[in-house]
Amino acid sequence: MARYGMALDYKNCINCKACEVACKEENGVELGAEKHRIWVGGNNPEGAWPLLDMASASFLPSQCQQCDDAPCQEVCPTHATYYDENGVVRVDADKCILCSYCMNACPYDARYVDERTMTVDKCTFCSDTRLARGETTTACQNTCPTKVRTFGDLDDPESEISELLRTRDHFSLKAHLGTKPKLFYLT
Amino acid sequence: MNFIKKIIPMKDFTLKSLMTFEKTPLNILMFILTIGLLGAFGWGVIEYLIHSHHAYNVTREHPWGLLIAMYIFFVVSSTGLCIVGSLGDVFGFKDYMAMSKRAILGSIVTILAGFAVIAFEIGHPVRMLIYNVLSPGLTSAIWWMGTLYGIYLTFMIIEFIFLMRNDMKNARIFGLTGLLVGLAAHSNLGGVFGFLNARTISNGVFYPTYFILTAFITGIYLTYLMYGFRYKMNFPEEIKKGLIGLAKIQTLLLAILMFFETWKMMTGIYGGMPGRADVVEHILHSGGFVYGEVLCGMLIPFVVMLTTKWKSINLYVYASFIGMIGIFFMRYDLVHDTQVKPLQMMKLTEYQLPPKWIEYFPSAAEFAIGFGAIGIFFMLYYFGQKMFDLDGGDH
Amino acid sequence: MCYNTHMNIIETSRRKFLQGSVSLCIYATSALSSPWQTTKTSNKKTTDTPYLCNMCRNKCAGYARVENGLITKLNPNHNFPKSRNMLCPKGNAGIQAIYDEDRLKYPLIRIGNRGDGQYKRATWDEAYEYIKEKLVKIIDEQKDNRSTIAYCNGEGFNKDEYIKFFGSKLGSANFLDEGSICLNTKLGATQLTIGDVGEMDVAGSDYMIISGANRYESLITPDSVDMIHSKQKLVVLDPRCTVTAIKADEYLPLYPGTDLAFCLSMMYIAFKEELYDKKYVNEQFDDFEKLKAHILSQKYTPEWAESKTHIPSQKIEKITREFFAASNPLYYLGRRSVWSQNDFQLRRAMVLINALAGSVNRKGGIIFGQPIKLNDEEINEPLYNNAEGRFDLDGIVYGSQKGGSWLNFREKVVSKTAPYPVKAMFIRKHNLMQNMPNIAKTKKMLEMMDLVVVLDTMPSDTAMMADVILPECTYLEREDMVVSFNRLEPSLALRNQVIESLYESRSMQDILKGLGKKLSVPLFHVSAKYDEDLQDSIKEDGLHKAFVEGGYDMAELYGYNTTQRNKRLITKQFGKEVYNSLKEKGVWYPYMDEQKELFNDFYEYYPPEKRFYTIDKKYRVNAYLKKLEKAGFDAMPTWHKYYDFNLHEDEFRVITGRYVTTTQSATANNVMLKDFEKENYLWINNNNAKRLGIKTGDSVVVMSSVSSIVIKANPTNKIAPNVLWIPHGFGIDSQEMTNAYAKGASDNMIIEDKFEKIYGCATMHETNVTLRKL
Ligand code: SF4
Ligand code: SF4
Ligand code: SF4
């Protein structure tokens, strides 16, 4: 029983895509550009060479924000989307009817259709793979060259992530929507 | 057969009489059209069965497409016809008594057509039936909508049976309940969009109310079309009276709708809020909205009805046809506009311009199933006419 | 999509083969990989095998998870100092390299013309037999001049062993590797200037300047990681706004090939303002005054440099002052291909700048460190009196005695100006048909051969030119010999075997063993025919003894398998514990027990006080290289007019580089990586593009003096005007590489084959082209 979250030191992200590949390999995510649980968005610098505005260029790693108050869960007609015992938002493929409501409701574009089961899939915090066999961290965190991510239990005041959130400024994506994400972007 | 007839009075018919019709050019055209649409529907379904969702052009960013729009189109029609049908038997407006049967039959067959479409849009319809009961998601507008529409259909059928038995008391009871459930279901469908707080353009109270209003409008358009076809433009007096009344109501409703839309757009654009104002602007510049929704759906019928001193019923039938085209665009745009603004605005690969607007155009299979379902509507309506006596009002 | 195109038997015609494979893919499902290409790991615990990655040059350590004989996941190994507990996207996608449907599966013998892809499946013995017959004939014809057989290797692992086989045992002098199309000038410049190639201590540096090396994209190594985690100021010079530039504290856009002007100006300012480390200079420099006088007299002022580089002079002054004021400044020496004629002097200027700041043999500078020395496995080397020496360094001032100069070699072979004909080539994991400028010339060279043998895992463009293709297994299917890494925090690492090799592929060791067994005696007899010394010893000792004692048994090293050899070598030199650590953790270094987690799965390896920042070593900084002067070149870094970036409005300079998801052409067919970049795009300055009416995604024709390519355009503000960037590793011509074939275009099609004369390295950034919209 934990409440898992992830803190992202996103300014350290170099857009290397290791996390995306690791996630696909670990969780058996299909190939194809649309089929990703995790991604990195990039902005081009503005201006004209050589006067480029480097501050406007940035990389933002993203994935399911593991909302505490998840719109995707709220709109699911069959409770296929649920919170597991660790607060992770999961999809029960057996119950998913593929109405795609959650895909529309998620403010973060975090969901996609798995073509094999024809159900909606998303980041699971590796709950049914790594965490299920007792490992303590996710595939994306583990492989990241610059260790952008810190994964851990938000309810454990001793955890590294709790310590980070206590000591560093951070923000959440689209916080005004009241989704209460469990992904925190460190500034 | 006799057993069924005991429950619901039917005309005498044989298989042969069901299959024969007067060979007027219009009838033949309708026959060919219906067969063509049914064929398209069948082809679309086969495409879907072979390729599953690959047969559709829906994507991660635009998961809802033409089929959702057509589903809405049909269920809005159903609710609308239900409202029109209720005017007579539920609310006791004499002029509309004669229309109840036809309208209620129409509402039943349109929703069946709608269900036929949604069955091929939802990935697992059977699973839906099971888990809707076993594991109901009470916070989900889709759950409520689906469940209420199920109940609604049941009530409509019961109402229809009482109507056919000319048991107006029971018809009124079930008609009223059915209407209320239908309105609830329908505003829930609006709620499906209204709940999407990530989609600023759709979020809020607008769609649930707008859906009821446009349902009524759709119902009137369809009533005109059904009667226009039924009487080949030679309307008996009692029907004429009802239709004229409906035209007046329609004009009023269209005026209200135009104000609705105007305020939606004005408030949307005001303040330039990103994700709302830009989307409104985008909508205002789209042909679907300007020509489809505004011109066909509202302005043309409105002007035609207002400027002809409630006399040109025949013209109103044509105006209603144009109006239905507009209604289609309202449904399509509603679905598309909700999703048109990307939620993820950064580039994911180098060779990509940052996503600005989500593109979507239906695939052949989507067209086939979505529009093919109109064929289902035609077919069911045709058989309904053949099997039941829909004329004759309160006796 | 069809993932089942097996290259099992290529019948008489390609069309027939392709048809066969099309029908196959309807019925056949592969037992090896799911049609979805990825396999979800299970919730069961497994014992994972430590291995070393081979997807790029860095060789990160990882643990491979195997379930039911299938590799389902590769994870980073936190024990290895050299990989800092990470795997990059390529490392993660290694699984796809193993289970690539297009892999070479069986030995193949050519039955059609070179390049048209018609091969027949053969047994290993048939393949060896074929090679033997050809070789005996060739060597006989060449009267036992073993150097008529050239051999090359593009993979770091097993290279020395490969050289032992073909160089020492077979007796050829003509070995070539990637160095002369890579960074030999950097290695040479460092070696010649401070007496050692050293290692750059990025983590220890508080101020770092990088010229062009794109350390966040082209190759992810500990340097990349350290750049993020150290609190240093990072300055990046590049004509292209790369990810490294974006992440830098300061990005200085400049014109290609003008970095040397920047360096010269830094030295000028350092001398003028006496910013350099006087104590260090006094103690270590030779010819300091000569250098100072030269730089000052040439007037390499910041204003002068601005006119060459486009970097504002005040910026150059500011950066220079900051650099010399920093306590551990480092001018990063680069880690990529050679750019232009001035490359050797550019790298030397960088070394000299570091030396002027005293950043040599100390924390944060170029360190010498103390690599762990591994004992050599000794073998008995035969002497071939008729084997001639190498010729590819003729006309090159220094050059690498080991890997030679590819372009000079090829030129001499193709123009028939080599002192003797080269008749055969053994090519291991070296995609010659993609990796060096002017592909047409490489093709010509290979067509001149009587025998081309390719050892590879993939049916690369080069494999399609071979007479015999020998399928090597991939890095996860074999154990390799233990390797020693690094100088600051040295360690040993071992690539353990994760799964049995697939199909009929074999490890290099097994291939060489088989070849050795087949070739030794017949080739010995050829020598006996021409070699008088050998004839004498046969007379004296008899055939058998002369063979054995003369070292003619080419398979000598392979009496034991790699596992046995490793065990012997490691336990003998380091003891059993080290061996066990290498088997169980894949890694050994002396302070493993003290390894501690600093934060978030990021570790400290050597305790700081145990790192080899400074060692006791006598060395001099050579500011002036006499040998160069004698050969008619600059003894000190000097600017020449023809280095100027000065193009006509319609002319463009081509530069190259890599995506983070590609390792040259080796990853071209990897389905996972292909998902990110299916093809390459030409970067062109957006204003240039506008003038030419070119929009994103338009196809353009790029023409140089050697050839032309068609490629899609990416107009961007991130590149200098009149400069084109072509990402390398695309435009594969081999139809057997189904994911890569004809996707994008190959830079080397149009890059002119020029090379600089100090190390004989191909200069990749000196080709001017024109272009038009298709
Ligand atoms: S980010 Fe989206 S998918 Fe994830 S929990 Fe929130 S709403 Fe659901
Ligand atoms: S936590 Fe696991 S499932 Fe989620 S993005 Fe990371 S690797 Fe993928
Ligand atoms: S692995 Fe780390 S650095 Fe690379 S893209 Fe992902 S978050 Fe960014």
Side-chain angles (χ1 to χ4, degrees), chain A residues 15 17 20 32-36 38-44 58-62 69-82 92-121 173-174 176-179, chain B residues 51-54 58-65 68 118 121-147 191-193 195-200 202-203 275 335 338-339 342-350 352-355 358:
Chain A
N15 196 12
K17 316 278 189 201
E20 195 169 332
E34 258 204 18
K35 314 291 175 200
H36 52 255
I38 178 171
W39 65 92
V40 180
N43 280 338
N44 228 40
S58 57
F59 301 114
L60 192 77
S62 193
D69 211 333
C72 61
Q73 188 275 339
E74 223 157 59
V75 302
C76 179
T78 56
H79 284 308
T81 295
Y82 65 102
D92 180 345
D94 291 336
K95 285 189 188 164
C96 175
I97 62 170
L98 193 59
C99 66
S100 311
Y101 197 6
C102 54
M103 293 170 72
N104 247 320
C106 167
Y108 307 96
D109 194 11
R111 299 180 153 239
Y112 65 95
V113 179
D114 181 306
E115 309 272 341
R116 293 161 292 189
T117 57
M118 282 318 272
T119 54
V120 172
D121 206 350
L173 298 183
K174 302 192 184 179
H176 64 282
L177 293 178
T179 50
Chain B
H51 303 292
S52 74
H53 269 219
H54 288 298
V58 290
T59 57
R60 177 184 182 127
E61 288 80 18
H62 201 293
W64 286 347
I68 294 280
I118 204 74
E121 154 61 27
I122 298 274
H124 306 280
V126 179
R127 197 182 283 177
M128 174 181 78
L129 297 178
I130 299 169
Y131 284 106
N132 247 20
V133 178
L134 291 188
S135 157
L138 298 183
T139 52
S140 168
I142 283 195
W143 186 86
W144 284 103
M145 186 228 9
T147 311
V192 167
F193 294 87
F195 275 126
L196 296 174
N197 64 351
R199 315 276 186 175
T200 332
S202 303
N203 183 218
V335 173
T338 297
Q339 305 167 85
L343 295 170
Q344 200 294 108
M345 302 280 292
M346 295 170 108
K347 356 197 267 178
L348 298 189
T349 63
E350 181 65 39
Q352 170 191 38
L353 300 167
I358 304 287

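Lettering of chains follows the sequences in order, A, B, ..., and the numbering in each one begins at 1. Below, all heavy atoms of this structure are taken into account, side chains as well, without hydrogens, waters or symmetry copies.
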Could you state the interatomic distance from CG (B/Leu129) to OG1 (A/Thr78), rounded to the nearest 0.5 Å?
-> 11.5 Å

When you look at CZ of B/Phe195, are more than 12 heavy atoms from neighbouring residues, nucleotides or ligands closer to it than 6.0 Å?
-> no

In terms of heavy-atom pairs under 4.5 Å with chain B, which of A/Ser58, A/Cys96, A/Pro71 leads?
-> A/Cys96

When rounded to the nearest 0.5 angstrom, what distance separates CG in B/Asn132 from NE2 in A/His79?
-> 10.5 Å

Rounded to the nearest 0.5 Å, how far does CE of A/Met118 lie from NE2 of B/His124?
-> 6.5 Å

Is it the side chain or the backbone of A/Ala110 that comes within 4.5 Å of chain B heavy atoms, both, or neither?
-> backbone

Show your reasoning for whether side chain to side chain contact (heavy atoms under 4.5 Å, CB included) applies to B/Met346 and A/Leu60.
-> CA-CA 8 Å; B/Met346 295 170 108; A/Leu60 192 77; 3.7 Å; yes

Gap between atom NZ of A/Lys35 and atom CZ of B/Arg60 - 0.5 Å precision | 8.5 Å

Of B/Ala141, B/Gly137, B/Pro342, the largest count of non-hydrogen pairs under 4.5 angstrom with chain A goes to B/Gly137

Where on B/Thr147 is there a heavy atom nearer than 4.5 Å to chain A: the side chain, the backbone, both, or neither?
-> neither

Salt bridge (charged side-chain N to carboxylate O under 4.0 Å, His left out) involving B/Glu350 - partner list, sequence neighbours excluded = B/Lys347, C/Lys718

From CA spacing to verdict: side chain to side chain contact (heavy atoms under 4.5 Å, CB included), A/Trp39, B/Gln344 = CA-CA 10 Å; A/Trp39 65 92; B/Gln344 200 294 108; 3.5 Å; yes

Is it the side chain or the backbone of B/Leu348 that comes within 4.5 Å of chain A heavy atoms, both, or neither?
-> both

Interchain contact, B/Pro136 with chain A, by part (heavy-atom threshold 4.5 Å) | backbone

Distance, nearest 0.5 Å, that separates CG of A/Leu173 from CG of B/Leu343 | 12.0 Å

B/Ile122 and A/Ile97: which non-hydrogen atoms are nearest, and at how many Å?
-> CG2-O, 3.1 Å

Please state whether the side chain, the backbone, both or neither of A/Val113 comes within less than 4.5 Å of a heavy atom of chain B.
-> neither

Show which side-chain atoms of residues 98-106 of chain A pair as donor or acceptor with protein atoms under 3.5 Å away, not counting sequence neighbours.
residue: A/Tyr101; atom: OH; partner: B/Val192; partner atom: O; Å: 2.5
residue: A/Asn104; atom: OD1; partner: B/Arg199; partner atom: NE; Å: 3.4
residue: A/Asn104; atom: OD1; partner: B/Arg199; partner atom: NH2; Å: 2.9

So NZ of A/Lys174 and CG of B/Asn197: to nearest 0.5 Å the spacing works out to 10.0 Å

Do you know which of A/Asp109, A/Thr81, A/Asn15 has the most heavy-atom pairs with chain B at a distance under 4.5 angstrom?
-> A/Asp109

Between A/Thr119 and B/Arg127, the two heavy atoms sitting closest are CG2-NH1, 3.6 Å

